Number of protein chains: 2
Amino acid sequence: MVFKLNNHLLSMIASGNGHGEDSPYFEGWKAYDSNPHHPMENPNGIIQMGLAENQLCFDLIQDWLKNNPKASICTHEGVNEFREIAIFQDYHGLPEFRNAVAKFMAKVRGNKVTFDPDRVVMNGGATGAHETVAFCLADPGEAFLVPTPYYPGFDRDLRWRTGVKLIPVVSESSNNFKVTREALENAYEMAKLDNIKVKGLLINNPSNPLGTILDRETLRSIVRFINEKNIHLVCDEIYAATVFSQPEFISIAEIVQEDIECNLNLVHIVYSLSKDMGFPGLRVGIIYSYNDAVVSCARKMSSFGLVSSQTQYMIASMLSDDEFVGKFIRESKTRLAARHGVFTDGLAQVSIKCLKTSNAGLFLWMDLSGLLKEKTFEAEMALWRVIIHEVKLNVSPGCSFHCTEPGWFRVCFANMDDQTMQVALSRIRTFVNKDVDTKKPKRTLRWQGSLKLSSPRIYDDFINSPRSPLPQSPLVLARN
Amino acid sequence: MVFKLNNHLLSMIASGNGHGEDSPYFEGWKAYDSNPHHPMENPNGIIQMGLAENQLCFDLIQDWLKNNPKASICTHEGVNEFREIAIFQDYHGLPEFRNAVAKFMAKVRGNKVTFDPDRVVMNGGATGAHETVAFCLADPGEAFLVPTPYYPGFDRDLRWRTGVKLIPVVSESSNNFKVTREALENAYEMAKLDNIKVKGLLINNPSNPLGTILDRETLRSIVRFINEKNIHLVCDEIYAATVFSQPEFISIAEIVQEDIECNLNLVHIVYSLSKDMGFPGLRVGIIYSYNDAVVSCARKMSSFGLVSSQTQYMIASMLSDDEFVGKFIRESKTRLAARHGVFTDGLAQVSIKCLKTSNAGLFLWMDLSGLLKEKTFEAEMALWRVIIHEVKLNVSPGCSFHCTEPGWFRVCFANMDDQTMQVALSRIRTFVNKDVDTKKPKRTLRWQGSLKLSSPRIYDDFINSPRSPLPQSPLVLARN
């Protein structure tokens, strides 16, 4: 006999929609999931360009694994370590793991800074790391400032179970979405007017979705700002190793080691191997805090999301191999730069522009504002629905990143092979209805202004529909 | 330049002591950590008997791994799967993983019940699973009833970050700590008087620390109780495969499939591979809920503590091997039974009794009330400090399990080899100062009543000290 449960028997968190799965960002994943592209089996399926994965260097990783069988407790060579590793559950993590991660973090930052292994706290991916930092720093109702556009998952990671608020700091295309002191002050003052206590500023450097890095002056200005306000600074640097061209990446770790007045207790870095190494499935999230109390508390909280000791052991071996790590970082940047180049060139052929200051990340910030029927987010969503259902590319609309100007889209380019990327580019070219001679990639083309579709009826259906008719599959990935 | 941080800049959770690391349960681990026993290098060190690890069958596991190199993405044979697994981050988990876990859960329960893989939600160990369930079912200030004595980590897992309360349901030695309807009603009524909303009942079957299982009538009575009160039932069954002798284990899954009136939406199982397989380091926690909304919400929350896909893949292969799993479960029970027998016999030689109804778990519930100077928890703590610092055994005092009668101690017996166990037994025998002829194990001995120590000064120091002088090392394990 089965009764129907009254919703009030669940918690407010479980009954509410704070997870944010109904965002178009996640909705696009569901659409992809219901009709995924495959070169042979489903060539007309949706191509996943909404997933910030780094798949370009797995050949290097797999070679390394073949040459290092002792790195695994599941090989003949390494199995004698199985027992000790399988029972290891100390929340400090394996010392070799913390040492290797600290060294890797420095290497990724050009060895211009060092990291203390005793401040490395592991967590279940950057998702878990961000939630843990929020639990450590803020009480329900208190807030973090976050420059826009920002990664949609932050709304889940920092807010959902903590009750913490996020307050947008508006950035604009007119200055390439730079984080200005004025915008920070405005957001801070707005919060004050609303009687919301601001506990910190969250920055994402390199930025997802912009693919840009923060320059030294901006970083210094940010450090001055958080010190003047006496609030925390959480720096998400999970794309640190994806900076593929000049200028070089500058970590907040470098700034706070400069001769700048800074209360180090206010500074915390979130890191991960999901993007820089391309291992989101392994759930290696890191909190690096300069604050002893946060290190201690976050470590206790890490019991809720420890990294599998099997994975810690393998990562410790891999990241301890200096020669391999050096080669991997160099080669990864080279391949990302090449992919970025081909993709931006391909878009330029049909006069699609991307944010020009981008030199990092696994995505482009693409300006399609010229394709909007009007300068509204409704028009952005309408265009997005055409792109996903008609052009069959899952890109992510700017509104899902809290962008304040309609017409921007994030397009991921490192989660597919060259062939799929060419299919994607070709679909975009067809979409803007140009008969492009792909053998002359350098030829400059101008898009003619009117949107032509093979099936305008569908476009209008979407325009007129306030909601997408997508099936509400619950499939959502952990973080991208 | 470094400033001092005001504590008010951290959250209340971070500033408080809700983690419970100052409990004697955790304190004992720290003491062990500062002076761990080693047969050769530190033979006079503390023996760890406060850790509910299952180390008796790793030879079987390691043999299996050697014979199944494709089970790992880090072997020559399996490395071609590395890319697909390393990028896999779907919060549903690998289908093979969920299927294998569902099958394993049934097998561990004698195949008298089945489990639907679509209801298997992964989480970061049972620690993460319990927190997730609490976040799904209760709001801050609401409560779960929990029969005493109970696992100290529940105070952290269910309460710390959720703000949920735990209300003890008193069990007594006079009836072997059975969970009675009367005690459940009393706890429920007490909560009502305190204006605390009870949202559920948490049971742990088999019980840590008791090593007992709940009989069919008790389980039915519990199901009736939660249905009458319309509250949730969370069943922690993480020791299901450790039931080493008759009577057989009865899962709540078996009861709710009987012809009993039960709102299935109220029933949730927490499971893990940390105890039954002995893999706490791999952080495989499971929520199995009969409630669709809880499955859906818990799955979203699992993003904060997903199981490493590398580990999912290996576990999926291992648990899909029926022949191996059958052999492992049988052999594990046989070895636990043997260890339990030798240990209880060894204690009986010096007239130490254990809870006689115990037939499960990785520990004994040892009655040392006869050794107490007086029937108080102060005396229990004094005795505990002697045992840990003088006898050099880290056992866990009953008070840390919220036991309401002083003098009980949990002693883990499956986390050491035979030789270490004999050293532990010999220390206990020396402690009660009997010149036991170990060649006559069947001889019944009676302890004479007075506590004799080689260094009574230290005992009195501890009696007089309200606090242990242990260094406050932050080393605490994730769950035991």
Side-chain angles (χ1 to χ4, degrees), chain A residues 1-3 5 10-14 19 53 55 58 61-62 65-66 71-72 74-76 79 82-83 85-91 124 127-128 131 135-139 161 261 263-265 279-283 291 293 296-297 300 303-306 308-311 314 474-478, chain B residues 1-3 5 10-14 19 53 55 58 61-62 65-66 71-72 74-76 79 82-83 85-91 124 127-128 131 135-139 161 261 263-265 279-283 291 293 296-297 300 303-306 308-311 314 474-478:
Chain A
M1 181 173 177
V2 178
F3 298 69
L5 187 73
L10 300 185
S11 68
M12 286 185 286
I13 292 175
H19 178 263
E53 277 175 356
Q55 294 198 21
F58 275 104
I61 304 280
Q62 292 181 198
L65 287 168
K66 283 187 222 165
S72 166
C74 296
T75 55
H76 203 279
V79 74
F82 188 86
R83 192 182 70 95
I85 298 303
I87 63 171
F88 180 86
Q89 54 179 319
D90 177 347
Y91 61 32
T127 297
E131 187 189 56
F135 268 125
C136 287
L137 302 183
D139 292 323
R161 306 199 302 184
E261 203 160 305
N263 177 353
L264 278 175
N265 279 318
F279 300 161
L282 307 192
R283 312 312 297 147
N291 181 320
S296 167
C297 183
K300 288 172 190 159
S303 294
F304 299 110
L306 296 174
S308 166
S309 54
Q310 178 192 14
T311 297
M314 189 264 282
L475 178 64
V476 174
L477 304 184
Chain B
M1 180 173 176
V2 178
F3 297 70
L5 186 73
L10 300 186
S11 68
M12 286 185 287
I13 292 175
H19 178 264
E53 278 176 355
Q55 294 198 19
F58 275 104
I61 304 280
Q62 292 181 198
L65 287 167
K66 283 187 222 166
S72 166
C74 295
T75 56
H76 203 279
V79 74
F82 188 87
R83 192 183 69 95
I85 298 303
I87 64 171
F88 180 87
Q89 55 180 318
D90 178 348
Y91 62 31
T127 297
E131 187 190 58
F135 268 124
C136 286
L137 302 184
D139 292 323
R161 304 199 303 185
E261 202 158 306
N263 177 354
L264 277 176
N265 279 319
F279 300 160
L282 306 191
R283 312 310 299 148
N291 182 318
S296 167
C297 183
K300 288 171 190 158
S303 294
F304 299 110
L306 296 174
S308 166
S309 54
Q310 177 192 15
T311 296
M314 190 264 283
L475 177 67
V476 174
L477 304 185

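Naming convention: chains lettered A, B, ... in sequence-line order (proteins, then strands); numbering from 1 in each chain. Note that these values count all heavy atoms, side chains included, but never hydrogens, waters or copies made by symmetry. Worth saying up front: this structure is predicted, and the values here are computed from it rather than measured.
- By the 4.5 Å heavy-atom criterion applied to side chains, B:F82 and A:F58 are counted as neighbours.
- Donor-acceptor pairing under 3.5 Å is lacking for the side chains of A:S308 and B:S308.
- Of all the listed residues (A:A138, A:A71, A:G128, A:C136), the one sharing the greatest number of non-hydrogen pairs under 4.5 Å with chain B is A:C136.
- Across A:G305, A:A86, A:S309, the residue that shares the most heavy-atom pairs under 4.5 angstrom with chain B is A:A86.
- Both the backbone and the side chain of A:I87 come within less than 4.5 Å of a heavy atom in chain B.
- Closest non-hydrogen pair, A:D139 versus B:I13, comes out as OD1-N, 4.4 Å.
- To the nearest 0.5 Å, the span separating NZ on A:K66 from SG on B:C74 amounts to 12.5 Å.
- With a threshold of 4.5 angstrom between heavy atoms, B:M314 approaches chain A through side-chain atoms but not through N, CA, C or O.
- Options B:Q310, B:H76, B:Q55, B:E131 differ in how many heavy-atom pairs under 4.5 Å they form with chain A, and the most are formed by B:Q310.
- Under the 3.5 Å distance criterion, the side-chain polar atoms of A:T75 are left unmatched by any main-chain donor or acceptor of B:T75.
- Both the backbone and the side chain of B:L282 have a heavy atom closer than 4.5 Å to some heavy atom of chain A.
- Across B:A14, B:G281, B:G124, the residue that shares the most heavy-atom pairs under 4.5 angstrom with chain A is B:G281.
- Heavy atoms closer than 4.5 Å to chain B are found in the backbone of A:F88, but not in its side chain.
- Rounding to the nearest 0.5 Å gives a distance of 8.5 Å between CD of B:E53 and CZ of A:R83.
- In this structure, A:R283 CZ and B:F304 CZ are separated by 10.5 Å, a value rounded to the nearest 0.5 Å.
- Using a 4.5 Å heavy-atom threshold, the side chains of B:L306 and A:T127 count as separate.
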